[in-house]
Undergrad: 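Provided herewith is a single structure, encoded as structure tokens, for subsequent inquiry.
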Amino acid sequence: MATAQHRIGSGFGARSTTAEVLRGIDLTGKLAIVTGGYSGIGLETTRALAGAGAHVVVPARRRAVAQEAVAGIHSVEVDELDLSDLESVRGFAGRFIASGRSIDLLINNAGIMASPETRVGPGWEAQFATNHLGHYALVNRLWPVIAQGGARVVTVSSNGHQFSGIHWDDVQSEHGYDKWQAYGQAKTANALFAVQLDVLGRDAGVRAFSVHPGAIATQLGRHVSREEMLAAGWIDEDGNPANAGFKTPAQGAATQVWAATSPQLAGMGGVYCDIAEPAGDGELTGGVRAYAADPGQAARLWRLSAELTGVDVFTATV
């Protein structure tokens, strides 16, 4: 399997913050879209990009909550978007395109983790639908203005991708549901999406990356029980954080902000950041598993996503 995955030495580490990775970078005149940019590392990403001069659009399922969260951050606007609803995706993309603006940075940050079995749309498993299919449809719908701006597209994956590859014979978990397997599949899909988008988009000047932000205590873990958190060593008996490896939101957001803005990545794409070496066979080791960087699986997932959503801007028909 051919892969561009190799270390380049970013100069940053696990404790680097958004302020550090943006030092010396001026985003004045740039437009960024950050899905879920009103909570957790998404909010930190919005704050950091706006602080560097970008105008940030935050599409949000909970519009009122988002408006309250970003109040006081200069040059941020909120619009409505539910990634689990393809009509909502179509609506947001249509409104944005009608505004006559192009996109410089798109960060597919929104997502859910380890949720109870939930069906959305035509019966799709919610984690795969929200984390992957919604973002897939969003990029395809926004493609004219993504290409116009020669945008950099960053999709938030996770080392949770190591829980599972794509269940090609049961993508929607119709024959048994395990919330962590479903999460792992969705995060693998995020990584594979970046691989194929980069192949398809590079001639238009669009480059794509996926990232693992690290472990951060945010609302993403709202579906994880106290017992699971205790067993994993995330909290102590009093409910206080117990894992010294957890990052702050500003540290967790640093990787996606770096991937979206760093001049070190000019001319590169289709990799899992921060440009990690392929992982070994151990569970939740560093880096990316081979199946999540496989160009053949990435192309196969793109075709499946096109069939499911009915949209593929790169082909005349689906």
Undergrad: Do F193 and L106 land in one hydrophobic cluster if side-chain heavy atoms of ILVMFWY residues count as linked below 4.5 Å?
TA: yes
Undergrad: For the atom pair CG (N190) and CG (L301), what is the distance rounded to the nearest 0.5 Å?
TA: 9.5 Å
Undergrad: Please tell me whether W168 and W124 are part of a single hydrophobic cluster in this structure, the criterion being side-chain heavy atoms less than 4.5 Å apart.
TA: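 Yes; tracing contacts between hydrophobic side chains, which count when under 4.5 Å, links both residues.
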Undergrad: Quick one: does L43's side chain get under 4.5 Å of I73's, heavy atoms only?
TA: yes
Undergrad: Could you verify whether a donor N or O on one side chain and an acceptor N or O on the other, from H55 and S75, lie under 3.5 Å apart?
TA: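 Distance-only check passes for H55 and S75.
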Undergrad: Please give me the minimum heavy-atom distance between L133 and Q172, naming the atom from each residue.
TA: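 Smallest heavy-atom distance, with atoms named: CD1-NE2, 4.5 Å.
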Undergrad: Given L138, which of T35, I146, V311 fulfils the side chain to side chain contact (heavy atoms under 4.5 Å, CB included) condition?
TA: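 Going through T35, I146, V311 one by one, the side chain to side chain contact (heavy atoms under 4.5 Å, CB included) with L138 is satisfied by T35 alone.
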Undergrad: So which atom in A292 and which in V195 form the shortest heavy-atom distance, rounded to 0.1 Å?
TA: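 Answer, listing the atom of A292 first, then V195: O-CG2, 4.2 Å.
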Undergrad: Please check if any side-chain donor atom of T17 sits under 3.5 Å from a side-chain acceptor atom of E20, or the reverse.
TA: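 Looking only at side-chain atoms, E20 and T17 do form a donor-acceptor pair, the distance falling under 3.5 Å.
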Undergrad: Within the 3.5 Å criterion, strictly below it, is a donor on H132 or S305 matched to an acceptor on the partner's side chain?
TA: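 Looking only at side-chain atoms, S305 and H132 do form a donor-acceptor pair, the distance falling under 3.5 Å.
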Undergrad: Does one side chain, of Q256 or T45, offer a donor that lies under 3.5 Å from an acceptor on the other?
TA: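 A pair is found: one side chain offers a donor N or O, the other an acceptor, under 3.5 Å apart.
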Undergrad: Indicate the atoms forming the closest heavy-atom contact of A191 with Y272, along with that distance.
TA: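 Smallest interatomic distance, heavy atoms only, reads CB-CD1, 4.4 Å.
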Undergrad: Does the side chain of I33 come within less than 4.5 Å of P59's, by heavy atoms?
TA: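 Result yes, sub-4.5 Å side-chain heavy-atom pair found.
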Undergrad: State, yes or no, whether a side-chain contact exists between V257 and L22 at a heavy-atom distance under 4.5 Å.
TA: yes
Undergrad: Any chance you could measure Q181, atom CD, to E125, atom CD, to the nearest 0.5 Å?
TA: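 The distance works out to 11.5 Å.
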Undergrad: To the nearest 0.5 angstrom, please state how far the OG1 atom of T188 sits from the CD atom of Q162.
TA: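 Going from the OG1 atom of T188 to the CD atom of Q162 covers 8.5 Å.
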Undergrad: Keeping the roles fixed (side chain from R90, backbone from L86), state whether a donor-acceptor pair exists under 3.5 Å.
TA: no
Undergrad: When you measure from the side chain of T155 to the backbone of S210, do you find a donor-acceptor pair of N or O atoms at a distance under 3.5 Å?
TA: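 No; judged by distance alone, with no hydrogens or angles, the pair does not exist.
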Undergrad: Does the side-chain contact (heavy atoms from CB on, under 4.5 Å) test come out yes or no for Y38 and V78, once each step is laid out?
TA: CA-CA 9 Å; Y38 61 101; V78 176; over 6 Å; no
Undergrad: Could you report the tightest heavy-atom contact between G201 and W143, atom names first, then the distance?
TA: CA-CH2, 3.7 Å
Undergrad: Would you confirm whether S164, through its side chain, and G184, through its main-chain N or O, come within 3.5 Å as a donor-acceptor pair?
TA: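 It does not hold such a pair.
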Undergrad: Could you tell me whether a side-chain N or O of R95 sits under 3.5 Å from a main-chain N or O of E80, the two making a donor and an acceptor?
TA: yes
Undergrad: Between N108 (side chain) and H135 (backbone), is there a donor-acceptor pair under 3.5 Å?
TA: no
Undergrad: Within the side chain of H161, is there an N or O that forms a donor-acceptor pair under 3.5 Å with the backbone of R289?
TA: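 Yes, because the side chain of H161 sits within donor-acceptor range (under 3.5 Å) of the backbone of R289.
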Undergrad: Rounded to the nearest 0.5 Å, what's the gap from CZ on F209 to OG on S157? Could you check?
TA: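 OG of S157 is found 14.5 Å from CZ of F209.
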Undergrad: With distance as the sole test, does D104 use its side chain to make a donor-acceptor pair with the main-chain N or O of A32 at under 3.5 Å?
TA: no
Undergrad: Cluster question for you: counting only ILVMFWY and a side-chain heavy-atom cut-off of under 4.5 Å, with indirect links fine, are V271 and V199 together?
TA: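 No; tracing contacts between hydrophobic side chains, which count when under 4.5 Å, never links both residues.
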Undergrad: Where is the tightest heavy-atom contact between I103 and A151, given as atom of each residue plus distance?
TA: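 Shortest heavy-atom separation between I103 and A151 comes out as O-CB, 3.3 Å.
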Undergrad: What's the separation between atom CG in D82 and atom CZ in R62, rounded to the nearest 0.5 Å?
TA: 11.5 Å
Undergrad: Within the side chain of R202, is there an N or O that forms a donor-acceptor pair under 3.5 Å with the backbone of D198?
TA: yes
Undergrad: Assess the residue pair L200 and V313 against the criterion (side-chain contact (heavy atoms from CB on, under 4.5 Å)); give the C-alpha distance rounded to whole Å, side-chain angles, the decisive distance to 0.1 Å, and a yes or no.
TA: CA-CA 10 Å; L200 297 171; V313 72; over 6 Å; no
Undergrad: Can you confirm whether F92 sits close enough to V57 that some side-chain heavy atom of one is under 4.5 Å from a side-chain heavy atom of the other?
TA: yes
Undergrad: Please name the pair of heavy atoms, one in T130 and one in S84, separated by the smallest distance, quoted to 0.1 Å.
TA: OG1-CB, 3.6 Å
Undergrad: Would R300 and I166 count as a side-chain contact (heavy atoms from CB on, under 4.5 Å) here? Give the steps.
TA: CA-CA 10 Å; R300 182 180 180 184; I166 304 298; over 6 Å; no
Undergrad: Any chance you could measure N159, atom CG, to H212, atom NE2, to the nearest 0.5 Å?
TA: 3.5 Å
Undergrad: Whether the Y177 and Q127 side chains hold a donor-acceptor pair (N or O, under 3.5 Å, no angle test) is what I'd like checked.
TA: yes
Undergrad: Name all residues meeting the salt bridge (charged side-chain N to carboxylate O under 4.0 Å, His left out) criterion together with E77; count only those two or more places apart in sequence or in a different chain, and write none if there are none.
TA: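 Counting only residues at least two positions away or on another chain, E77 forms a salt bridge (charged side-chain N to carboxylate O under 4.0 Å, His left out) with R101.
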Undergrad: Could you go through W258 and S16, starting from their C-alpha distance and side-chain angles, then the distance that decides it, and tell me whether this counts as side-chain contact (heavy atoms from CB on, under 4.5 Å)?
TA: CA-CA 10 Å; W258 174 77; S16 297; over 6 Å; no
Undergrad: Same cluster or not: L304 versus L192, using hydrophobic residues (I, L, V, M, F, W, Y) connected whenever any side-chain heavy atoms lie under 4.5 Å apart?
TA: yes
Undergrad: Do R119 and S173 come close enough that some side-chain heavy atom pair is under 4.5 Å?
TA: yes
Undergrad: Treating Ile, Leu, Val, Met, Phe, Trp and Tyr as nodes and any side-chain heavy-atom pair under 4.5 angstrom as an edge, say whether I25 and M268 lie in one connected cluster.
TA: yes
Undergrad: Is it true that a side-chain atom of K187 and a backbone atom of V156 form a donor plus acceptor pair closer than 3.5 Å?
TA: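 Between the backbone of V156 and the side chain of K187 there is a qualifying donor-acceptor contact (under 3.5 Å).
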